[in-house]
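The structure appears below as structure tokens.
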Amino acid sequence: MGIRIHNTLTRRKEDFRPIEPGHVGIYVCGPTVWDYMHIGNARPFVFFDVVRRYLRYRGYIVRYVQNFTDVDDKIINRANQLGLDPMVMAEDYIKAYFEDAGALGVAAADVHPRASLHIEEIIAMVQDLIAKGYAYEIDGDVYFSAAKDPQYGSLSGQSLDDLKAGARVEIDERKRAPEDFALWKKQKPGEPAWPSPWGPGRPGWHIECSAMVREHLGRTADIHGGGSDLIFPHHENEAAQSRAANGAPLANYWVHNAFLNIDGEKMSKSLGNFIVPREIMKRYRPETLRFFLLSAHYRSPLNFTEDQLKAADASLERLHNALAVLEQWQAVTSREVMDDEERKLLGRLTAHRERFIAAMDDDFNTADAISALFELTRDVHATMGPGSSKELVGAVIGLYHELGDILGLLRREAPATLDDEVERLITERQEARRRRDWAESDRIRDELAGRGIILEDTPQGIRWKRK
RNA sequence: GGCGACAUAGCCAAGUGGUAAGGCGGAGGUCUGCAAAACCUUUACCCCCGGUUCGAAUCCGGGUGUCGCCUCCA
């Protein structure tokens, strides 16, 4: 009856039990800020945003932490290519992240820690790991010795031997073993660096998350999430470091989303087959991309095509229409008392809500939860009308917003306004219709359509919307 | 080569033992001045072959195919 979450570590769904009852600490791997996010990157951000919203809806006090990797090879390379200061460039892409995330309805995390601002904590953890015998320094670099961790490989389900057998990358001769990974990297010319006991250098990729989880959530996070490509090596290594340093698991529930593919292939910057949210939002309402990303279960790969985006937009339109119609009814109805049929529907609202909740409880099944919204919609259309009672209409609108807020959809928009010219045309058209001058009426409707205003004549008057 | 996912209608996608949700698209109809919105009807040999079971899309085994990971990756 509670929330169940698929745990990458155990490969099955488990009942969710936070460490501290009523509180949840979530850490999600955020972007490496070397470029704009693309819609593949957007998938985890949107999904985990929903996880957070849902946990809050279910009454948990959620602490949500999402980092920015702002010290990294890719950032340095890019900045050097462009002749920019890496930290300045990172700052610009952090700003861009917030713009894109905001447009997607992804709220800011409670904390957005940055690697560059946690150097002290990182150094402390590396020192600790050396002291405990898990790490070793070679000439300014520090490596973690994977073989020292008996559980190494447990997250990705690979043994050290498997990994050695499959190794496809050049072995760094400085390391004692190929599976060892860098905790601290000695400064190379032209790279940003911080002083450390091993000389100037910068943190390796994996250590930042371990240090920042400990700093902001304590030794063990309830949920640690990210894209499935992070399972190995990133999360495997994080888990190993934190286990070694803290004697406690980094996270109790590991949650990984599948990829967004395009033309059947993983969308990635290195393949060059990526699309950026800001481009999509020029052509579709902002919610469309979010709806699309939530239309499949997060552990299923999702293939991006223009047709699917159109279909998502059409689907979302149906929900928006339902809400708009309800709002129109709300404005015209004066009936206070519900009749028997309405009382039955009011009862069914609970069933619709419960179906939605059951879907979300079951490993955040957003696709199934969305279908509950459509079932609600059909029920509403079949049962209600402009004469429905105020109370029922209000309750239904309330439910749309209650459930829509969990998914970050059906956002309340500021009441749209029309300019005087458009108002005048609509009035003229109404007069033409009164005269039964259909030619003039249709001409005005077409003209307004050309300006992006769609008119619908209803018995309760004109309804308009933009598109 | 190793590890792991996935395969459900024209498209997308839920469904983990009891006889296939939902959406988009298509077809027909109702309503409408015409539209739109909405409603009704309609649109599935659940990849293949075995097995377990009274019963399998669902469990097990074997194929086939697609995808991901194997130290840049959400």
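In what follows, every heavy atom counts, from backbone to side chain, and hydrogens, waters and symmetry copies are set aside. Numbers restart at 1 for each chain; the letters A, B, ... are given by sequence-line order, proteins then strands.
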Gap in Å between the two C1' atoms, one belonging to B:rU30 and one to B:rA37, rounded: 14 Å
Taking only the C1' atom of each, what is the distance from B:rC67 to B:rU58 in whole angstrom? 22 Å
When you compare B:rC72 with B:rU16, how far apart are their C1' atoms, in angstrom units rounded to a whole number? 37 Å
Side-chain (A:E137) to main-chain (A:G140) donor-acceptor, under 3.5 angstrom: yes
Any donor-acceptor N or O pair under 3.5 Å, side chains A:D368, A:T366: no
Do A:R429 and A:S441 pair up side chain to side chain, a donor and an acceptor below 3.5 Å, judged on atom types alone? yes
Presence of donor-acceptor pair under 3.5 Å, side chain of A:R445 and base of B:rA36: no
Picking from B:rA74, B:rA37, B:rG22, which would you name as closest to the side chain of A:V325? B:rA37
Assigned partner base of B:rC39, Watson-Crick or wobble definition, under 3.5 Å: B:rG29
OP1 or OP2 of B:rG22 sitting under 4.0 Å from any side-chain N/O of A:R378? yes
Decide yes or no, distance alone: a donor-acceptor N/O pair under 3.5 angstrom between the base of B:rG22 and the side-chain of A:E375. no
Apply the side chain to side chain donor-acceptor pair (under 3.5 Å) test between A:D362 and each candidate in A:K13, A:R4, A:H297; give the one that qualifies. A:K13
Before accepting this row, confirm whether a basic side-chain N of the pair A:E342/A:R335 lies closer than 4.0 Å to the acidic partner's carboxylate O. yes
Does anything in residues 433-443 of chain A reach RNA chain B, meaning a heavy atom under 4.0 Å, and if so which residues? A:R433, A:W438, A:S441, A:D442
Between B:rG51 and B:rA56, how far is it from one P atom to the other, in whole Å? 12 Å
Give every pair of a protein N or O atom and an N or O atom of nucleotides 9-13 of chain B that lie under 3.5 Å apart, one pair per line with the distance.
{"residue": "B:rC11", "atom": "O2'", "partner": "A:Q308", "partner atom": "NE2", "Å": "2.3"}
{"residue": "B:rC12", "atom": "O4'", "partner": "A:Q308", "partner atom": "OE1", "Å": "3.1"}
{"residue": "B:rC12", "atom": "O4'", "partner": "A:Q308", "partner atom": "NE2", "Å": "3.4"}

On RNA chain B, check which nucleotide each of A:H206 and A:E456 is closest to and give me the residue with the more 5' one. A:E456
Which residue, A:H234 or A:I231, contacts RNA chain B at a nucleotide closer to its 5' end, judged by nearest heavy atom? A:I231
What's the closest nucleotide to the A:D362 side chain, out of B:rG2, B:rG15, B:rA74? B:rG15
Would you say the side chains of A:Q308 and A:N303 form a donor-acceptor pair under 3.5 Å? no
Measuring from the side chain of A:E179 (C-beta onward, heavy atoms only), which nucleotide among B:rU71, B:rA5, B:rG33 has the closest atom? B:rU71
What's the gap between B:rA44 and B:rG23 when it is taken at their C1' atoms, as a whole Å value? 16 Å
A:R318, nearest nucleotide to its side chain (from B:rG23, B:rG68, B:rA37): B:rG23
For the pair A:S242 (side chain) and A:A239 (backbone), establish whether a donor and an acceptor sit closer than 3.5 Å, ignoring hydrogens and angles. no
For A:S156 and A:E236, which I'm curious about, is there any donor-acceptor pair between the side chains at under 3.5 Å? yes
OP1 or OP2 of B:rG15 less than 4.0 angstrom from a side-chain nitrogen or oxygen of A:N365, does that happen here? yes
How far, in whole Å, is B:rA7 from B:rA35 if one measures between their P atoms? 42 Å
Of the options B:rG2, B:rC39, B:rA21, whose atoms approach the side-chain atoms of A:H381 most closely? B:rC39
Rounded to whole angstrom, note down the P distance from B:rG25 over to B:rA36. 12 Å
Which pairs of donor and acceptor atoms, one on a side chain in residues 107-116 of chain A, lie under 3.5 Å apart (sequence neighbours left out)?
{"residue": "A:D110", "atom": "OD2", "partner": "A:R56", "partner atom": "NH2", "Å": "3.3"}
{"residue": "A:D110", "atom": "OD2", "partner": "A:Y64", "partner atom": "N", "Å": "2.7"}
{"residue": "A:H112", "atom": "ND1", "partner": "A:Q66", "partner atom": "O", "Å": "3.0"}
{"residue": "A:H112", "atom": "NE2", "partner": "A:A109", "partner atom": "N", "Å": "2.9"}
{"residue": "A:R114", "atom": "NH1", "partner": "A:E91", "partner atom": "OE1", "Å": "2.8"}
{"residue": "A:S116", "atom": "OG", "partner": "A:D70", "partner atom": "OD2", "Å": "2.6"}

Counting side-chain heavy atoms from CB outward, which of B:rG33, B:rG22, B:rU71 is closest to A:F374? B:rG22
Go through B:rA38, B:rA74, B:rU71 for me and flag the one nearest to the A:D229 side chain. B:rA74
Would you please confirm or rule out a distance under 4.0 Å between OP1 or OP2 of B:rU16 and any side-chain N or O of A:K13? no
Going by the salt bridge (charged side-chain N to carboxylate O under 4.0 Å, His left out) test, name the single residue among A:D73, A:D139, A:D72 that passes it with A:K185. A:D73
Given the P atoms of B:rA57 and B:rU8, what is the spacing between them in whole Å? 15 Å
